[in-house]
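The structure appears right after this line, and notes come after that.
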Amino acid sequence: MEQRLKELQQQALQEVSDAKNLKELNEVRVAYLGKKGPITEILRGMGKLSAEERPKMGALANEVREAIATQLEAKVEMLEKATVAEKLASESIDVTLPGRPVRTGNKHPLTKVVEEIEDLFLGMGYQIAEGPEVEKDYYNFEALNLPKDHPARDMQDSFYITEDTLLRTHTSPVQARTMEKNEGKGPIKIICPGKVYRRDDDDATHSHQFTQIEGLVVDENIRMSDLKGTLEVFAKKMFGEDREIRLRPSFFPFTEPSVEVDVSCAKCGGKGCNVCKQTGWIEILGAGMVHPNVLEMAGYDSKMYQGFAFGMGPERIAMLKYGIDDIRHFYTNDQRFNTQWNRA
Ligand code: 2U9
């Protein structure tokens, strides 16, 4: 029996050592230490031994059992550690690998130019004011010194909704509303960006809906020189520090005097070329001193308060700055156009 136990121990330990995984190891456990296994059988048969041999064999059988169990435990632990190590190795992440590129969108070129202009005036202490696109005839025309019989009110030129509401034809009503809200007091220093609408046939330079940015400054002691200095800073920041501006007399019902403002041509530096039609100058905006009638209608004493105003079309500014030849590009959403303006 002693011999049999020793053989069993040797055999079991060999099988433990040969087991390649936890499943095989469990099979060894069941085969040797299970209820139907040879060791249990031997222990059950102890009764048949002599009183002298019984304790000796019992102790030996238990020793063999212990030895196998201890080896099994050790092997289980080893296999478990190996499994964890294998899993860690296979799941390791190479943090030095380059990331997958993410395709980002970009702002519309018109949005970029509007924001550039806004930032420029915000930097000069202006605030941004907004107002409704469906506007009262009063704020769109009357308050801006365009009386009832003025030709600009023609049904042919504006999108009327009712007799006294229309899609605004400029952003000037926002300034008129702001002045009214300020109840005759200064200072006001605002720019008004937004969509405007005019009855026009669309072509390379006209669109029935376009964008405007207008500015208004109202305070005591505002002079034409303030307007000129402001527009000079704007033109240089927008088109280049070596650009110059010139003012030409013009007419708008809401300003007196009124001017049109040109910037020296960036391509030829003023010598004359195809971009500036050989004149050396390019028109970029209109401006003037706020008409006393406009100040008075909004509740300002025009002897105490003066103002200057200006208006520009960001599409035109963008077309000049980036050499875009057709205003319709801004509104037809061709991705080849929209995605080529990825400068920050
Ligand atoms: C108030 C008082 C005065 C706004 C002005 C212009 C001159 C002007 C055009 C340029 C090209 C519009 O985009 S465009 O078609 N604008 O020339 N706008 S002065 O004057 C105002 C506005 C509001 C209360």
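Remember, it's 1-based here, ligands and their atoms both numbered in the order they're listed. No experiment lies behind these values; they were computed from the predicted model shown.
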Problem set entry | Contacting atoms of ligand 1, where contact means under 4.0 angstrom from a heavy atom of Met179 | 24 (C)

Exercise. In the protein, which heavy atom is nearest to atom 10 (C) of ligand 1, and how far is it?
Worked result: Gly311 O, 3.1 Å

Exercise. What protein heavy atom is closest to atom 22 (C) of ligand 1, reported as residue, atom name and distance in Å?
Worked result: Gln175 NE2, 3.3 Å

Exercise. Is it the side chain, the backbone, both or neither of Leu285 that has a heavy atom closer than 4.0 Å to ligand 1?
Worked result: neither

Exercise. With no hydrogens and no angle check, do the side chains of Asp164 and Thr162 hold a donor and an acceptor under 3.5 Å apart?
Worked result: yes

Seminar exercise, completed: Only residue of Leu146, Asn293, Val290 satisfying side chain to side chain contact (heavy atoms under 4.5 Å, CB included) with Phe254 is Leu146

Seminar exercise, completed: for atom 15 (O) of ligand 1, nearest protein heavy atom and its distance come out as Gln212 NE2, 3.6 Å

Seminar exercise, completed: Contact region, Met312 to ligand 1, non-hydrogen atoms below 4.0 Å, reads backbone

Exercise. Which atoms from ligand 1 have a heavy atom of Gly313 less than 4.0 Å away?
Worked result: 13 (O)

For this session: Using a strict 4.0 Å threshold on nitrogen-to-oxygen distance, state whether Lys321 and Glu116 make a salt bridge.
Result: yes

For this session: Determine, for Asp200 against Arg198, whether the closest basic-nitrogen to carboxylate-oxygen distance falls under 4.0 angstrom.
Result: no

Problem set entry | Nearest-contact summary for atom 18 (N) of ligand 1 - protein heavy atom, Å | Glu214 OE2, 3.4 Å

Exercise. Looking only at side chains, do Asn182 and Tyr300 share a donor and an acceptor under 3.5 Å apart?
Worked result: no

Problem set entry | Closest to atom 17 (O) of ligand 1 among Phe252, Phe254, Phe308 (heavy-atom distance) | Phe252

Problem set entry | SB check Arg248 Asp262 (cutoff 4.0 Å) | yes

Problem set entry | Under-4.0 Å salt bridge between Lys75 and Glu24 | no

Exercise. Starting from atom 21 (C) of ligand 1, which protein heavy atom do you reach first, and at what distance in Å?
Worked result: Ala309 CB, 3.4 Å

For this session: Could you tell me whether Glu232 and Lys236 make a salt bridge, using a distance below 4.0 angstrom between a side-chain N and a carboxylate O?
Result: no

Problem set entry | Atom indices of ligand 1 within 4.0 angstrom of Leu144 heavy atoms, with elements | 1 (C), 23 (C), 24 (C)

Exercise. Any idea which atoms of ligand 1 are less than 4.0 Å away from a heavy-atom of Val294?
Worked result: 24 (C)

Exercise. Where on Ala287 is there a heavy atom closer than 4.0 Å to ligand 1, on the side chain, on the backbone, on both, or on neither?
Worked result: backbone

For this session: For a side chain to side chain contact (heavy atoms under 4.5 Å, CB included) with Met124, tell me which candidate from Val217, Ile191, Val233 qualifies.
Result: Val233

